[in-house]
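Okay, so here's the structure we're looking at.
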There are 2 protein chains.
Amino acid sequence: MRAGMAVLTVDAAGMRAQNSGLLLNMIWRERQISRAEIARRTELSPSTVSAIVADLEQAGLVRSIGAGVSRGGRRPTLIGFCDEAFSLVGVELGASHVTVVLTDLRGRVRTQSKASHAVRGDPEGSLQKAKELIQECLDAERVPRRSVVGMGVAVPSPVHPASPGKMSPLILPAWKNVDVKEWFETAFDMPVFVDNDANLGALSECFWGAGSGGEDLTYIKLATGIGAGHIIHGDVYRGAGGTAGEIGHIAVDSNGPLCVCGLRGCLVTLIGSTALTERARELMGTRGRKGPTVRDLVEGARAGDAAAKQIIDGMGAWLGIAVGGLLNLLNPAIVVLGGEISSVGELLLDPLRASVRQRALSVSMAETRIVTSALGERAIAVGAATLVLQAALRDRSLFPQQNVGRTA
Amino acid sequence: MRAGMAVLTVDAAGMRAQNSGLLLNMIWRERQISRAEIARRTELSPSTVSAIVADLEQAGLVRSIGAGVSRGGRRPTLIGFCDEAFSLVGVELGASHVTVVLTDLRGRVRTQSKASHAVRGDPEGSLQKAKELIQECLDAERVPRRSVVGMGVAVPSPVHPASPGKMSPLILPAWKNVDVKEWFETAFDMPVFVDNDANLGALSECFWGAGSGGEDLTYIKLATGIGAGHIIHGDVYRGAGGTAGEIGHIAVDSNGPLCVCGLRGCLVTLIGSTALTERARELMGTRGRKGPTVRDLVEGARAGDAAAKQIIDGMGAWLGIAVGGLLNLLNPAIVVLGGEISSVGELLLDPLRASVRQRALSVSMAETRIVTSALGERAIAVGAATLVLQAALRDRSLFPQQNVGRTA
DNA sequence: TGACTTTGTTCTTACGACGAAGAAATCAAA
DNA sequence: TTTGATTTCTTCGTCGTAAGAACAAAGTCA
């Protein structure tokens with residue numbers, strides 16, 4: 001057993017790296033803070049703080065942003081993070097679409113582009129499409145390559161920690177021989193990070209959404225598939241084989257319909273988008289030729305349509321079984337529901353909470369907030385970009401060197 | 001969101017602390033290793049390694065243990081960890097007994113003592129009993145107080161990270177006003193660490209049992225109560241409110257019997273010791289006045305008793321529902337079953353695995369080993385001691401100073 | 001106005017890791 | 001046995017980083 005040796009050895013340079021990384025994170029988090037305040041909080045000496053801040057300023061990562069309020073003496077110089085200094089690329093390969101965002105270092109989307117594409121069956125086409133969209137985004141903002149930190153890619157498959165670019169051959173057989181990480185690294189010559197879509201939704205929520213400020217959260221993506229992502233101690237938790245959070249195939253109804261995975265009564269067969277729209281067609285009738293969509297369901301429920309509400313209620317009840325187990329097993333601080341259907345908000349949360357209450361210890365429930373996402377449909381693509389940000393905030397050297405001293 | 005600032009600032013002294021901690025861990029793990037080999041693996045310079053090893057030797061933590069085999073030149077001096085230099089106290093407060101062990105730094109039990117006691121309802125008496133047993137152990141080995149690193153205490157209740165000495169008032173109401181950590185610290189004047197019993201079982205398995213070598217594992221304690229403990233990245237994971245792993249009250253049968261917790265069909269009402277022995281009485285008849293015990297059940301099953309096997313089969317089936325959910329949610333590398341009943345081994349594992357297979361994705365199953373514990377009934381008390389070891393291996397200063405240079 | 005605070009910089013000092021050089025121990029081949 | 005190469009480990013001087021003291025600058029408050 002390794003008794004906590006994640007830490008590597010340190011020499012003088014490593015010492016500086018560690019301290020400057022710490023300062024960079026603090027400045028990023030606080031948005032504005034004085035050298036004196038940094039010194040107080042970190043217990044670093046004022047001289048050291050000054051030296052490191054000068055370093056970071058030189059690298060174009062932080063800058064002075066005027067004077068703060070006096071505490072009875074000279075007014076402090078506030079230091080702020082250069083949110084705009086670099087860009088991040090986020091790519092979402094969904095089941096039926098490709099979304100690309102270009103964000104700054106504060107998760108704000110500068111440009112986005114999206115296209116429908118049958119991703120599951122067509123790896124080469126999907127990747128090519130993604131490449132076009134990315135180039136489009138980069139061109140639109142005239143972003144020079146050297147100001148891009150890297151690229152995050154969300155994929156609709158578990159990702160094994162040992163081979164971060166490969167999909168699961170069981171879930172996406174057509175992608176068997178493709179290495180997404182390598183492909184994009186070759187295509188764009190920048191660091192590429194790949195992870196599962198629900199994991200990146202969770203990261204997104206942890207940085208920019210309901211979980212910001214915390215370190216432990218579970219995100220549940222409600223869409224064609226049902227998947228969850230865990231953030232534990234501020235990090236995506238992937239499990240031994242990368243399949244942590246694959247809750248779509250938890251069997252919640254032993255008499256339920258047969259699933260493609262071979263089991264019976266899987267969550268996804270009961271509350272996946274397909275099941276929901278199918279049920280909506282039964283209860284709400286067809287709308288035009290194609291039958292009701294998830295959007296119709298959301299709008300119906302909001303408008304007070306009884307059938308729609310009934311479907312959402314049922315969904316909450318089923319989902320509650322899985323969430324109840326989740327609370328007892330993991331006791332996360334926050335559970336965030338994402339995916340289009342989650343926009344019904346309380347209409348889903350109410351029956352869900354009721355169902356959970358029947359299945360989870362009151363102790364676990366008391367510590368857990370269950371909420372819906374407020375980040376919208378770009379959440380996962382932004383989460384992909386965030387994966388790059390997280391890596392760079394930990395390892396400053398990922399930020400490209402700005403040869404000229406100009407800050408952006 | 002905190003982007004990985006668990007690390008504190010470093011100065012020259014901190015640099016030394018970090019590197020020497022790393023070396024201490026490496027020596028502990030490897031059991032014997034030369035300075036040269038350490039330098040190669042850590043990429044520290046030979047001179048630094050020598051200096052640090054001298055430090056550790058001075059502190060009585062490591063020592064030379066002869067020469068190793070030559071690699072074509074001077075033979076290396078092997079350095080080994082002083083397993084016997086210090087002692088650890090481990091206390092298990094069970095539902096109906098108190099167990100105390102005194103171990104060395106390799107998890108070997110030097111002395112143990114155990115007493116039956118109704119812990120749930122009698123805090124003061126239990127603590128007093130524990131104190132006597134601890135004193136007994138210390139006296140038996142003539143262990144001087146200064147060679148004891150600290151004390152770990154396992155309690156049959158979730159422990160909230162914010163108040164590590166307090167029990168959950170919902171589960172152990174009689175212990176409402178007791179702070180276990182404070183009580184023992186006052187009684188023995190040494191560092192005290194408190195955690196939930198299943199969490200410590202997990203730690204025990206991670207260090208000394210099925211999980212040794214790995215960093216991610218889930219332990220399930222099958223006894224009067226059913227609880228799980230997770231080790232994630234080598235650390236006990238407690239969740240937001242300390243109730244992670246409280247799987248006893250996962251509702252697996254909506255038509256099941258009513259549980260004290262107010263829910264219906266909780267795991268504990270179906271496979272807790274009470275339920276098992278009750279069912280054994282029905283199927284196997286009474287043995288003497290008191291009816292069959294868990295031990296009878298184990299022996300019966302091993303001897304081929306059909307009724308006993310049937311009960312174990314049923315247990316595996318129910319447990320599989322929870323474990324299936326666990327695999328999909330967390331995808332641990334190993335699941336270890338502990339508690340007396342787990343000694344039936346394959347007789348329980350077979351039906352369990354079959355049940356899990358019906359509920360978990362084959363992907364998750366493929367990466368997870370499900371096994372029974374081999375550590376025996378002292379596992380949890382030893383885990384409590386291990387909690388102290390883990391802390392000390394991370395923070396060398398927890399090892400008491402040995403004023404005189406004598407190594408043990 | 002003047003005493004006191006707070007901020008931030010400069011310069012010296014201390015500490016720990018590194019690297020070169022060397023001593024000791026061993027192997028291998030002549 | 002001798003000689004040279006190799007490996008291990010220590011010694012000593014150098015360098016980089018953080019700490020600390022002293023100081024200058026910019027405020028506050030009475």
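Since we're looking at a predicted model, the values are computed, not measured. Basis for what follows: all heavy atoms, side chains included, without hydrogens, waters or symmetry-related copies. Letters A, B, ... mirror the listed sequences (proteins, then strands); counts begin at 1.
- With rounding to whole Å, Met15(B) atom CE is found 12 Å from dA19(D) atom P.
- Residues from residues 70-77 of chain A lying near DNA chain C, meaning a heavy-atom separation below 4.0 Å, are Arg71(A), Gly72(A), Gly73(A), Arg74(A), Pro76(A), Thr77(A) in numerical order.
- Near-neighbour residues of DNA chain D inside residues 37-46 of chain B, defined by a heavy atom below 4.0 Å, number-ordered: Arg40(B), Pro46(B).
- A distance of 6.0 Å or more separates the ring centres of Phe399(B) and Trp28(B).
- Looking at heavy atoms from C-beta onward, Glu205(B) lies in side-chain contact with Leu375(B) at the 4.5 angstrom threshold.
- Using a 4.5 Å heavy-atom threshold, the side chains of Leu88(B) and Leu102(B) count as separate.
- Note that the first and last nucleotides of DNA chain C, 5' to 3', having any atom under 4.0 angstrom from a heavy atom of chain B are dG16(C) to dC27(C).
- Of the possible donor and acceptor atoms, none in the side chain of Asn199(B) sits under 3.5 Å from a partner among the backbone N and O of Asp195(B).
- In terms of modelled atom types and a separation under 3.5 Å, the side chain of Asp216(B) and the main chain of His233(B) share a donor-acceptor contact.
- A distance-only check finds a donor-acceptor pair linking the side chain of Arg75(A) to the backbone of Gly68(A) [under 3.5 Å].
- Here the closest non-hydrogen pair linking His230(B) and Ala202(B) is N-CB, 4.4 Å.
- Between Leu138(A) and Phe188(A), the closest side-chain pair of non-hydrogen atoms falls below 4.5 Å.
- Whole-Å rounding puts the Gln18(A) CD to dA18(D) C1' distance at 13 Å.
- Side-chain contact between Ile79(B) and Ser64(B): present, with at least one pair of heavy atoms (C-beta onward) separated by less than 4.5 Å.
- When the P atom of dA19(D) is taken as reference, atom CZ of Arg16(A) falls 11 Å away, rounded to whole Å.
- Using a 4.5 Å cut-off on side-chain heavy atoms (C-beta onward), Arg110(A) and Ser87(A) make contact.
- Where Ala36(B) and Asp11(B) meet DNA chain D, the nucleotide closest to each residue was compared, and Ala36(B) sits on the side nearer the 5' end.
- Side-chain N/O atoms of Asn19(A) include none lying less than 4.0 angstrom from OP1 or OP2 on dT17(D).
- Each of Leu61(B), Leu22(B), Val62(B) was checked for a side chain to side chain contact (heavy atoms under 4.5 Å, CB included) with Ile27(B), and the lone residue meeting it is Val62(B).
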